[in-house]
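What follows is a single structure, written as C-alpha cells, with notes after it.
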Amino acid sequence: MSAAVKPPENKPAIAQPTAVVETACPQCGAGMVMRTARKGANAGGTFWGCSNFPSCRGVRQAS
C-alpha cells in the first residue's frame with residue numbers, strides 16, 4: 001500500500017511587501033514597506049514593516 005503524499009506548498013511565511021515609502025523605521029531608521037499580514041488575529045490586514053526584516057522587526061500601524 002502506497003499512499004500519495006502531497007508536498008507542502010512553498011509559500012513564504014513572511015508578509016510580502018506591496019509598496020515602499022520614505023517613512024523611517026522607528027527602530028533602525030531604514031525605509032518602511034506596506035505589508036499584508038498572513039497569520040494571526042490581523043490576517044489580511046495591512047501594516048508598515050521595516051525593509052530590513054528579519055534583521056529588524058520594526059512595525060507601524062497602517063492608517
Close side-chain approach of Arg35 to Trp48, heavy-atom, < 4.5 Å: no
Which heavy atom of [X] sits nearest a heavy atom of [Y], and at what distance?
X: Arg60; Y: Ala24; value: NH2-O, 3.2 Å
X: Cys25; Y: Gly58; value: SG-CA, 3.9 Å
X: Val59; Y: Pro26; value: O-CG, 4.2 Å
X: Thr36; Y: Gly44; value: CG2-O, 3.7 Å
X: Phe47; Y: Ala37; value: CE2-N, 3.6 Å

Spacing of CE belonging to Met32 relative to OG belonging to Ser51, to within rounding of 0.5 Å: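 One gets 8.5 Å once the value is rounded to the nearest 0.5 Å.
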Pairwise distance CG(Asn52) to CZ(Arg57) - rounded to 0.5 angstrom: 12.5 Å
